[in-house]
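Order of appearance sets the numbers: ligands from 1, and atoms from 1 within every ligand. Note that this is a predicted model, so its numbers are computed, not measured.
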Amino acid sequence: MSFSVETLRKQFPKTCESFSQLPDGGTAALLHLYHLDQRYQRARELPSIDPHLTAHPIGAFDVVLAGGGLSLIYAAFLAMRGVRVAVFDRRGIGCGHREWNISMRELLPLSQSGLFTEAEVAQLILLQYRTGICRFGLGTNYAVSGVLDCVVDAETLLERLRARCVQHGVTLLPYRELLDYTLDQEGVTVRLQATDGKRRVEQLRTKLLLDGLGATSPHARFDLCCPTVGGVMDDLAIGSDPLEMDPEVGEILVTTEGVEQRRQHIWEGFPTVSALGDARSTRRMTIYLFYYLRSDELGEHGPLPLLSLYERYFETLPRYKRGSLRLVRPTYGYIPAYTRLRPMPASPCDRVFLVGDAAGRHSPLTFCGFGSMIRSFLPIGEGLLTLLGDNRLDEQSLAELWTEPPALKVLGGLTLMMSPPLSSDGADEPDTINDLLNAAFSTLYAMGEEPYRRFLQDDVDGPTFVRFMLGSAKQHPEVYRKVLRHLSLSEVTTWLYRLWQLYRTPSSEQGLR
Ligand SMILES: Cc1cc2nc3c(=O)[nH]c(=O)nc-3n(C[C@H](O)[C@H](O)[C@H](O)COP(=O)(O)OP(=O)(O)OC[C@H]3O[C@@H](n4cnc5c(N)ncnc54)[C@H](O)[C@@H]3O)c2cc1C
């Protein structure tokens, strides 16, 4: 199927109508969505090269970062520490932001790294709400504070990272896409192709290639996927009814329906600042709708999963929130992730290291790639500096640069509980996932705010996790049978082994990353 807004209008009428309120009539976003859906299905291939084009050398660097999204933080950090860095992106550098939420303490590495002062970090927070809630089906609100409660000014963060790059001499190469790269004993030759319509091929030499190409990287291999659509919505009804927006409350995970067509749709809604920049009088929320699934099942969800999800978003939004609900800015994407029940994607070869979404390092429960990147860039960046200094850029040394905390390895398996069951036995019971989530979250809530918060921030110790498991099973004795519907026998075995490892790890080594 080729792209035409007219064709899409017939297939996705509510989406096209809502997008038509955007300044350009929504055409650019619809086109981008359409290509993202197409690319994601084929995915992860590099463009083919015209053999007649000669590559123009641009220069030699210590590090080349492919993809100038949030991974730009690596370029800024390494350059600040004296490394010669170049960054290229098929779009502008530091332009592809989403609406990012995080907690205050997770932002600490931004100042600890020396990239920003504490005052600059504080300026990045547009709004902080009082409480977060999770609610499933007709269940109650499970309140928690300090989780995803800070709305980050993503545009300013990326702008400042770009400014730091310029200040520290990073070579910025916008509108170039990766053609290919070749390895030799001394380094990597990276070839790029212009995306601004000019038929131009360029060539860079580097000691190390950082792959920050996101979910569509040719190396991204993830076993879970979370198609996510939504954006900033204006003119919500204000109040304390679940159908209204409370400007003091963030909705971390909320379901309004049960499983349909093997999908459990989940809402997320965070108050954000109004057009006037005023947090208190805001009627604006960033609202997402998403579902989790095993990535090999994505093909079963039609040829255009994100566009189909958007159509559902606009159809069912009035069941989540009331108001005239005007779309101000769409945000969407495929969020990749790992169950951690299989080996994580590591360095694909010597001298190439994956960062950000390409490495699939998301929070298992909240799928926060931004949070996860901010937590991990500092130890990884320091490790890269050591390896560059020692000229130890072999696959093994790069792979050892990052070890996942044991808590993440256990929590990863829980994401499968929110994705469709493997076994068809009982899979069509609409409340199967809501029941599990209610059992899990009522147990967490009863355990107290501190363990509940730490759990949502991937920072749980073995004894607490076991207490959580036993508590959920007591409340909902069916839980073990349901777990077996969602996990294969080998996944259960691996998961139990991970739990044993977590149990044996001293709590001082389980810290949040
Ligand atoms: C809708 C949505 C909401 C989110 N909300 C949150 C949140 O609230 N909190 C949170 O913690 N996380 C959130 N995330 C996750 C977070 O945004 C990502 O984890 C983060 O942006 C990943 O950054 P990245 O640099 O790895 O990848 P990306 O931001 O995807 O950047 C990849 C870059 O590579 C470029 N590129 C791709 N292929 C090529 C190529 N072949 N050649 C050249 N350039 C290329 C792209 O143009 C892009 O600029 C959200 C994600 C989505 C989709």
request  = Could you tell me which residues satisfy side chain to side chain contact (heavy atoms under 4.5 Å, CB included) with Val166, sequence neighbours excluded, listed by chain and number?
outcome  =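 Applying side chain to side chain contact (heavy atoms under 4.5 Å, CB included) to Val166 gives Leu172.
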Under 4.0 Å, heavy atoms only, figure out whether ligand 1 is touched by the backbone of [X], its side chain, both or neither.
X      : answer
Ile335 : side chain
Tyr288 : side chain
Glu99  : backbone

ask   = Does Ala66 have a heavy atom less than 4.0 Å from any atom of ligand 1?
value =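 No, that is not the case, since the closest heavy atom of the residue is not under 4.0 Å from the ligand.
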Mark up the atoms of ligand 1 that fall under 4.0 Å of a heavy atom belonging to [X], in ascending order.
X      : answer
Thr228 : 1 (C)
Tyr332 : 1 (C), 53 (C)
Arg176 : 43 (C)
Gly371 : 10 (C), 11 (O)

**Asked** Could Arg176 and Phe88 be counted as a cation-pi pair, given that NZ or CZ must be under 6.0 Å from the ring centre and within 45° of the axis?
**Response**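 Negative - Arg176 is either too far from the ring of Phe88 or too far off its axis.
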Check your understanding: Salt bridge or not for Arg164 and Glu159, using N-O below 4.0 Å?
Key ->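 Result for this pair is no, no salt bridge flagged.
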- request: Answer yes or no: is there a side-chain heavy-atom contact under 4.5 Å between Leu65 and Ser71?
  value: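 A side-chain contact exists here, since the closest heavy-atom pair is under 4.5 Å.
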Closest to atom 45 (C) of ligand 1 (judged by heavy-atom distance), picking from Leu36, Leu213, Leu72 =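 Shortest heavy-atom distance from atom 45 (C) of ligand 1: Leu213.
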Note to self: As a check for students: among Trp100, Tyr74, Phe370, identify the option with a heavy atom nearest to atom 17 (O) of ligand 1.
What the structure shows: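 Comparing heavy atoms across Trp100, Tyr74, Phe370, the nearest one to atom 17 (O) of ligand 1 lies in Trp100.
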Side chain to side chain donor-acceptor pair (under 3.5 Å) partners of Tyr332, counting only residues at least two apart: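 Partners of Tyr332 under the side chain to side chain donor-acceptor pair (under 3.5 Å) test: His32.
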